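Along the sequence shown, the residues carry numbers beginning at 1. Small disclaimer: the values here were computed from a predicted structure and weren't measured. Whatever order the structure lists them in is the order used to number ligands and atoms, beginning at 1.
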Amino acid sequence: SYDELKKSTGSFSQANQIGSGGYGKVYRGTITGGQVVAIKRAQKTSMQGGLEFKTEIELLSRVHHKNLVGLVGFCFEQGEQMLVYEFMSNGTLRDSLSGKSGIYLDWKRRLRIALGSARGLAYLHELANPPIIHRDIKSTNILLDDNLTAKVADFGLSKLISDTEEHVSTQVKGTMGYLDPEYYMTQQLTDKSDVYSFGVLMLELVTAKPPITKGKYIVREVRMKMDKSNEEDYGVRELMDPSIKNMAYLTGFKMFIQLAMQCVEDSGSDRPSMSDVVKALETILINDG
Ligand code: ADP
């Protein structure tokens, strides 16, 4: 209930605020039974916001997977709109990669995060009914729980697509640097747009930098390196996050880069599906022991 959520967050106090995003502010709270939760509280709601909120609830109530941030409940009382999620104690992947959260992610951990996120996305694309395109895959939408398990968050931009429709035409939404250029040009959304964003995310796991750094796009940087270099690692090691650079084993590194670059192919039809990506990452993880 509203009163319980209000109490659990100290009346939505500044001290309990953990972030803010598209919907409004996000608070940490503890609900009856002791479960720690993240409460997304919508800004005073417009019609548009209300619709978006309802869409998110409908989606999330149908979707359950280990690698998706679970919806614990929601509240639609006293003019308030709130979503209650399981609390992800280790914050966003971006905060870890930037060193902000003080969590060190070694290469193997990064592989596991890639695999977990890929499984969550593959589930949305292939097992959710109807299929769901996330539309905003990025490192701030990958959250880490106590065990550093990666979970995909924020379905606010998701759109349901029906079984029969190949794609849906919509207004382009997404985040610069992660946005599929083909989708941007054609405005035809398919699951391959998420695959593109996921490829960018994979490169981000390697470099630890956001996809556009000092005006340069990571996808283009890596492509240039690969065109020029015939070295074993494509010369991509130069772009690598210094804190993982000196890892002795990195047998799957080349495969990882190849996979990422397949995901960011210009044409969606040349990109793998998310379940292909899951299989490839599983192989890499086994090889890297
Ligand atoms: P955006 O709309 O910009 O994607 P969100 O509204 O999803 O942002 O979340 C804003 C911030 O709140 C996130 O960057 C994250 O730090 C925090 N947050 C969101 N959901 C959770 C959660 N389930 N557990 C812990 N922190 C969360």
Side-chain angles (χ1 to χ4, degrees), residues 5 8-10 12-31 33-46 48-57 59-61 63-75 80-103 105 113 116-117 120-121 124 132-159 173-179 193-194 197-198 200-201 204 210-212:
L5 293 179
S8 79
T9 57
F12 303 106
S13 69
Q14 195 77 35
N16 285 309
Q17 192 182 324
I18 47 177
S20 66
Y23 287 105
K25 289 172 178 161
V26 184
Y27 298 86
R28 182 197 152 106
T30 309
I31 53 174
Q35 185 180 5
V36 183
V37 292
I39 301 164
K40 268 196 196 180
R41 187 191 196 196
Q43 228 85 274
K44 284 298 166 211
T45 54
S46 61
Q48 178 84 32
L51 205 73
E52 217 173 318
F53 183 80
K54 268 193 170 140
T55 307
E56 179 152 18
I57 292 178
L59 282 176
L60 287 184
S61 57
V63 160
H64 298 282
H65 188 272
K66 181 174 176 280
N67 298 110
L68 298 172
V69 177
L71 182 68
V72 177
F74 51 86
C75 170
E80 295 273 354
Q81 294 184 348
M82 284 180 269
L83 287 166
V84 184
Y85 292 94
E86 53 179 333
F87 184 73
M88 296 289 118
S89 61
N90 281 312
T92 72
L93 175 59
R94 174 97 298 273
D95 288 344
S96 288
L97 290 175
S98 68
K100 205 173 132 193
S101 62
I103 298 163
L105 303 173
I113 287 170
S117 314
L121 256 184
L124 289 178
I132 296 164
I133 300 175
H134 186 287
R135 307 218 285 172
D136 203 15
I137 289 298
K138 54 179 174 178
S139 57
T140 50
N141 275 337
I142 306 295
L143 302 182
L144 304 174
D145 75 0
D146 301 351
N147 305 313
L148 298 179
T149 298
K151 302 202 186 206
V152 178
D154 204 351
F155 300 91
L157 291 171
S158 295
K159 273 266 150 60
K173 287 181 183 175
T175 303
M176 281 292 284
Y178 296 94
L179 189 63
S193 297
D194 280 350
S197 308
F198 187 80
V200 176
L201 185 83
E204 190 175 344
I212 309 173

Asks: Can you tell me if D154 uses its side chain to pair, donor with acceptor, with the backbone of D136 under 3.5 Å?
Replies: no
Asks: Would you check the N or O atoms of Y85, main chain and side chain alike, for any that come under 3.5 Å of an N or O of ligand 1?
Replies: no
Asks: Backbone, side chain, both or neither: what part of L143 comes under 4.0 angstrom of ligand 1, heavy atoms only?
Replies: side chain
Asks: Verify the distance criterion only: is there a donor paired with an acceptor across the side chains of T140 and T92 at less than 3.5 Å?
Replies: no
Asks: Compare all side-chain heavy atoms of T175 with those of N141 and state whether any distance is below 4.5 angstrom.
Replies: no
Asks: As a check for students: among L83, V84, T92, identify the option with a heavy atom nearest to atom 15 (C) of ligand 1.
Replies: T92
Asks: Ignoring hydrogens and angles, tell me if any N or O in the side chain of N90 forms a donor-acceptor pair with the backbone of D145 under 3.5 Å.
Replies: yes
Asks: Out of L143, L144, N67, which one pairs with T149 under the side-chain contact (heavy atoms from CB on, under 4.5 Å) rule?
Replies: N67
Asks: For ligand 1, which is the ligand I care about here, please tell me if N141 has any N or O atom under 3.5 Å from one of the ligand's N or O atoms.
Replies: yes
Asks: Please identify which atoms of ligand 1 are closer than 4.0 Å to at least one heavy atom of A38.
Replies: 21 (C), 22 (C), 23 (N), 24 (N)
Asks: Between H65 and L121, is there a donor-acceptor pair closer than 3.5 Å when you use the side chain of the first and the backbone of the second?
Replies: no
Asks: Under 4.0 angstrom from ligand 1, any heavy atom of S20?
Replies: yes
Asks: Counting from 1, what ligand 1 atoms have a heavy atom of F87 closer than 4.0 Å?
Replies: 24 (N), 25 (C)
Asks: Does K138 reach the side chain of E204, with side-chain heavy atoms less than 4.5 Å apart?
Replies: no
Asks: Flag E86 as yes when one of its N or O atoms lies below 3.5 Å from any N or O atom of ligand 1, and as no otherwise.
Replies: yes
Asks: Would you say M88 has any N or O atom under 3.5 Å from an N or O of ligand 1, going by distance alone?
Replies: yes
Asks: Just which atoms of ligand 1 are under 4.0 Å from any heavy atom in D154?
Replies: 1 (P), 2 (O), 4 (O), 7 (O)
